[in-house]
Amino acid sequence: MTKPSSFRWSLPALLCTASVNATAMPLNMTQGVSDISQQVYNLHMTIFWICCAIGAVVFGLMFWSIFRHRKSRGVTPAQFHESTKVEVIWTSIPVVILILMAIPATKTLIAMEDTTEADITVLITGSQWKWHYEFLDHDVSYYSLLATPKEQINNRFAKDPNYLLEVDRPLVIPTDKKVRFLMTSDDVIHSWWVPAFAIKKDANPGFINETWTRVEEPGIYRGQCAELCGKDHGFMPIVVIAKTPEDFATWVATEEKRNAEAKAEEQALLAMNMSLEELMTVGERTYLGHCSACHQPSGQGLPGIFPALKGSQMALKDMAGHIDIVLHGKSGTAMQGFAKQLSLKEIAAVITYERNAWGNNTGDLVQAADVNAALQGKGD
Amino acid sequence: MSGITETVAVDEHHDHKPKGFTRWLYTTNHKDIGSLYLIFSLVMFFIGGTMAMVIRLELFQPGLQFVEPHFFNQMTTVHGLIMVFGAVMPAFTGLANWMIPMMIGAPDMALPRMNNWSFWILPFAFLILLSSLFMPGGGPAFGWTFYAPLSSTYSSDSTALFVFSVHIMGISSIMGAINVIVTIFNMRAPTMTWMKMPLFVWTWLVTAFLLIMVMPVLAGAVTMVLTDKYFATSFFDAAGGGDPVLFQHIFWFFGHPEVYIMILPAFGIISSIVPTFARKPLFGYASMVYATGSIALLSFLVWAHHMFTTGMPVFAELFFMYCTMLISVPTGVKVFNWVATMWRGAMTFEAPMMFALAFIVLFTIGGFSGLMLAITPADFQYHDTYFVVAHFHYVLVTGAVFSIMAAAYYWLPKWTGYMYDEKLAQWHFWCSLISVNLLFFPMHFVGLAGMPRRIPDYALQFADFNALISVGGFLFGLSQLLFVWVVVKCARGGVKATAHVWEGSHGLEWEVPSPAPYHTFTTPPEVK
């Protein structure tokens, strides 16, 4: 699994890495930008200081014993070994401290779990390895994918300041509104975590979780998937942009218009034929964005987990099966359906690409109309 | 008990033992089996440690350098499985085999042939697990907690091997636990009443009960994963009427008591060592026993604190938060009792005591982060970050592993008949102590700053701390080679150890010569 080529240069790089990549890291939990996140931060600091105080007393006594009650000072050891009074005291005092901690924790928890009376609702769906956001009150929905180029991850290009914490299409929410999030998943368990909102909630396949936030300041907030969800778990960032309600309304209007235009373009495409060259260009881009994480840029897959496309029977012969699996996925495997995620043009292009790249030279052309026909056929 | 005295007349050759390879393969002697377990555990500690070094090498700087993410996940998974089931648990079982009969005045374990089996199936379990790494698609890559459906529907073909190896580990643990329980119940010297039993024996008795209660639950969980993957059942698949969160309930009903299985015997070890080197009786023996029992009982009521983010009803979250916080009370009593044992003692600081003192301080720090994790609203921020990684490595490495090191130094003269090299042991201690804190302490900060666990690559802000952590990791790994050196050197000879070994030591194991004869107690000893 090691890569000898990268090994050679990475050793010297290891030595100077610290100074090259130095970016200030906070040493504590973020206070965040919502009332709840502030409460959580205060709770965290309270327990932290209580622990420090207990630690100072216990370790202080221990080190005092180490200094004063050691054999080299010629002390004679005492022989006491019981005291009901003392033992009752150091059982009951911690109980009191715990009760004092539990009261604010209970209050905060109950507030966190109150998802009623939300102003807007966003359905968040996790899948390997992307997030899908759907605004239930508006006609807006889209996928959000890692935007960091592979070249940066493989150390061929210099890394951007927001390395691994940037996406192609961030989630946009309004400030000063109660935003309710519904979480679910298409495949395995993911976890949607944005520290600035103090939200971390699992996205479980087949079930819906809910949580909420009310963001006070406009800004860009970043997070990551927090549940091991397979190979690309580390490459599933979350970016949320909080806009003022006015800016948010403008954004929604633009998005809705963009959606409508895209649909119109789809319809126009059905009557057109694209050239092999064009299909291959769009296909390669789509493949690298959506398929190469599993099937590898070389189309060879990962033996035992993700099947190869290069030289596969499906890519060489069974065109109907090929279109069907890209549209609808294969249940019980990591292969998901792309009918919702990609446009007809992109699906047509990526199938054409897979049938003609890496020496699969079938010469097959798949057009948006073919894909649409397969999609309609399935619906009947 | 009369049976024991009758056999004595027959068995006159105290040190008679078979020679060569068959001695170890066929052995039913508790000391041989104890040694086998300890050596096996040390080998596994280094194999699991090597995997940790692969992880730390990859995380030394941002970007992907040495391994692919899929292989990285296999390393984190197998590292966890090996350290839990291959290093820590067998080490405690090895100590139990060696010490429990000697501490309670018994001639051997109660079920010696089963004892042989429970050890010898273990190497095969780990051969199966390790060989799965070389299969197409690689070994298990779903974390040691193997959450479904990642481990069922979406896993590679080696999952069957993973499941069978976990089954064998479980069978081994259950057989070991049955042996401990039967030995303690039936083979104590007649005058050794329950409340005269050494605390190591007490903590192991409670641990053994935990083991036979929860290992079958783990076996159930892995079997359900197996049938979901290969036989089209839907325990954890919503499409077939199952629930992926059900997996976590089952897993953590095993998993939470499991973390106490890995720490209760450590409490017993520390409770033996601190009084010896403080030259004072253990403070609050009775409350130590009750605290052990309370911790064990509470461990069954808190499993869902691993699952606060799965979306539980708020009242369930409150219940599990309160119960979890409550565990800090009996655990605190133990720490206070150890400190009170040291108070006004006459302490010396040989290697076992140094490890025991480090255990108390560092385990307590792990306890503090545990208490912080118990607070549900804050747990949402800590969960699945490096803060958790820091927490459980403080309790498992500077807790369980340090206690095992302490135990090894404490009883090594009794096992080998020679004193270990104190100077080298002190070097081992200080190197371990400094490097282990360099390794795990900064993890608290990267966790709070927002670095998720189990990621092969990270944002630039975490770069400096990860480089520091990796350096700590490599140093800690290297320090353990010193330990092997000390142990090998001690086993090969040196200054003869007396029967009593340590000035302040009490208990039956110190009444017999060092090294202890192959068959120790032929007549039940008198307990004072």
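Note that the structure is a prediction, hence the values are computed from the model and not measured. Within every chain, numbering begins at 1; the chains are lettered A, B, ... in the order of the sequence lines, protein sequences first and strands thereafter.
Proximity to chain B involves both the backbone and the side chain of A:I54, based on heavy atoms less than 4.5 angstrom apart. Contact annotation for B:P281: both backbone and side-chain heavy atoms come within less than 4.5 Å of a heavy atom of chain A. For B:F368, the parts sitting under 4.5 Å from any heavy atom of chain A are the backbone and the side chain alike. If you measure heavy-atom distances from B:V446 to chain A, the contacts under 4.5 Å come from both the backbone and the side chain. With a threshold of 4.5 angstrom between heavy atoms, B:F465 approaches chain A through side-chain atoms but not through N, CA, C or O. Using a 4.5 Å cut-off between heavy atoms, A:T84 makes no contact with chain B at all. Of the atoms belonging to A:L43, it is side-chain heavy atoms, and not backbone ones, that fall under 4.5 Å from chain B. Interface remark: A:Q128 contributes side-chain atoms only to the contact with chain B (heavy atom separation under 4.5 Å). Heavy atoms of B:V361 lying under 4.5 Å from chain A belong to its backbone as well as its side chain. Contact of A:Q224 with chain B is made through the side chain alone, with heavy-atom distances under 4.5 Å. Residue B:D237 does not touch chain A at all, counting heavy-atom pairs closer than 4.5 Å. Residue contact with chain B, scored on non-hydrogen atoms closer than 4.5 Å, is absent for A:I208. In this structure, no portion of A:C52 lies under 4.5 Å from any heavy atom of chain B. Of the atoms belonging to B:A278, it is backbone heavy atoms, and not side-chain ones, that fall under 4.5 Å from chain A. For A:L165, the part sitting under 4.5 Å from any heavy atom of chain B is the side chain, from C-beta outward, and nothing else. Heavy-atom distances place the backbone of B:A148, and not its side chain, under 4.5 Å from chain A. No part of B:M135 comes within reach of chain A, as not one of its non-hydrogen atoms sits under 4.5 angstrom from that chain. For chain B, the nearby parts of A:F48 are the backbone and the side chain; heavy atoms of each come within less than 4.5 Å. Heavy-atom distances place the side chain of A:M112, and not its backbone, under 4.5 Å from chain B. In this structure, chain A has no heavy atom under 4.5 Å from any part of B:F277. Only the side chain of B:S328 comes within less than 4.5 Å of a heavy atom in chain A; its backbone stays farther off. No part of A:F157 comes within reach of chain B, as not one of its non-hydrogen atoms sits under 4.5 angstrom from that chain. Interface residue B:L282: only backbone heavy atoms are found under 4.5 Å from chain A. Heavy atoms closer than 4.5 Å to chain A are found in the side chain of B:Y322, but not in its backbone. In this structure, no portion of B:L468 lies under 4.5 Å from any heavy atom of chain A.
Scanning all heavy atoms of the two residues, the minimum distance from A:Y163 to B:G63 falls at OH-CA, 3.4 Å. Closest approach of A:D187 to B:P149, counting heavy atoms only: O-CG, 3.5 Å. Nearest heavy atoms, A:H233 versus B:R454: CD2-O, 3.3 Å. Between B:P377 and A:A105, the shortest heavy-atom contact is CG-O, 3.5 Å. For B:G311 against A:N209, the heavy-atom pair with the smallest separation is CA-OD1, 3.4 Å. When every heavy atom of B:I360 is checked against every heavy atom of A:M62, the shortest pair comes out as CG2-SD, 3.8 Å.
The aromatic rings of B:F283 and A:F80 sit perpendicular, their planes meeting at an angle over 60°, well past the 30° parallel limit.
To the nearest 0.5 Å, the span separating CD1 on B:I375 from OG1 on A:T108 amounts to 10.0 Å.
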Subject >> Verdict with reasoning, A:W90 to B:N337, per side chain to side chain contact (heavy atoms under 4.5 Å, CB included) >> reply: CA-CA 10 Å; A:W90 68 40; B:N337 281 352; 3.1 Å; yes
**OP:** Just do the side chain to side chain contact (heavy atoms under 4.5 Å, CB included) check on B:D464 and A:M25 with the steps written out, would you?
**Re:** CA-CA 9 Å; B:D464 293 357; A:M25 184 186 89; over 6 Å; no
Original post:
After noting the C-alpha distance and the side-chain angles of B:L371 and A:C51, does the key distance pass the side chain to side chain contact (heavy atoms under 4.5 Å, CB included) rule?
Top reply: CA-CA 8 Å; B:L371 180 58; A:C51 289; 4.2 Å; yes
**OP:** Go through B:F380 and A:I199 one step at a time and tell me if the side chain to side chain contact (heavy atoms under 4.5 Å, CB included) criterion holds.
**Re:** CA-CA 7 Å; B:F380 291 129; A:I199 288 181; over 6 Å; no
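When side chains are defined from C-beta on, B:L150 does not count as touching A:E227, because their heavy atoms never get closer than 4.5 Å. Side-chain contact between A:H81 and B:K280: absent, with no pair of heavy atoms (C-beta onward) separated by less than 4.5 Å. No side-chain heavy atom of A:E87 sits under 4.5 Å from any side-chain heavy atom of B:F336. Two residues are said to be in side-chain contact when any heavy atoms from C-beta on lie closer than 4.5 Å; B:E68 and A:L302 fail this criterion. Looking only at side-chain heavy atoms (C-beta outward), B:I365 and A:F59 come within less than 4.5 Å of each other.
The greatest number of non-hydrogen atom pairs below 4.5 Å with chain A, out of B:F349, B:Y285, B:F236, is found for B:F349. Of the listed residues (A:V40, A:I36, A:T148, A:T211), the one with the most heavy-atom contacts under 4.5 Å to chain B is A:V40. Residue with the most contacts toward chain B among A:G234, A:C225, A:A78: A:A78 (heavy-atom pairs, distance under 4.5 Å). The residue among A:S65, A:A102, A:G206 with the most heavy atom pairs within less than 4.5 Å of chain B is A:S65. Of the residues considered (B:P244, B:A378, B:P442), B:P244 shows the highest number of contacts with chain A, using heavy-atom pairs under 4.5 Å. Options A:I66, A:I97, A:V75 differ in how many heavy-atom pairs under 4.5 Å they form with chain B, and the most are formed by A:I66. Comparing B:R279, B:Q381, B:M342 by how many heavy-atom pairs each has under 4.5 Å with chain A, the most go to B:Q381. Ranked by heavy-atom pairs shorter than 4.5 Å toward chain A, the options B:V333, B:D157, B:T76, B:N466 are led by B:V333. By number of non-hydrogen pairs under 4.5 angstrom with chain A, the leading residue of B:S155, B:G345, B:A340 is B:G345. Chain A forms the most heavy-atom pairs under 4.5 Å with one residue out of B:G242, B:S470, B:S287, and that residue is B:S287. Of the listed residues (A:P94, A:G223, A:S191, A:P205), the greatest number of heavy-atom pairs within a distance under 4.5 Å of chain B belongs to A:P205.
Taking A:K71 as the reference, B:E503 meet the salt bridge (Lys or Arg N to Asp or Glu O under 4.0 Å) condition, with sequence neighbours excluded. Scanning for ring pair (Phe, Tyr, Trp, His ring centres under 6.0 Å) contacts around B:F320 gives B:W303, with sequence neighbours left out.
Within a 6.0 Å sphere centred on OH of B:Y290, heavy atoms belonging to other residues, nucleotides or ligands number 12 at most. Residue B:R344 places its CZ atom among 12 or fewer non-hydrogen atoms of other residues, nucleotides or ligands, all under 6.0 Å distant.
Counting only N and O atoms by type, the side chains of A:D202 and B:T309 include a donor and acceptor under 3.5 Å apart.
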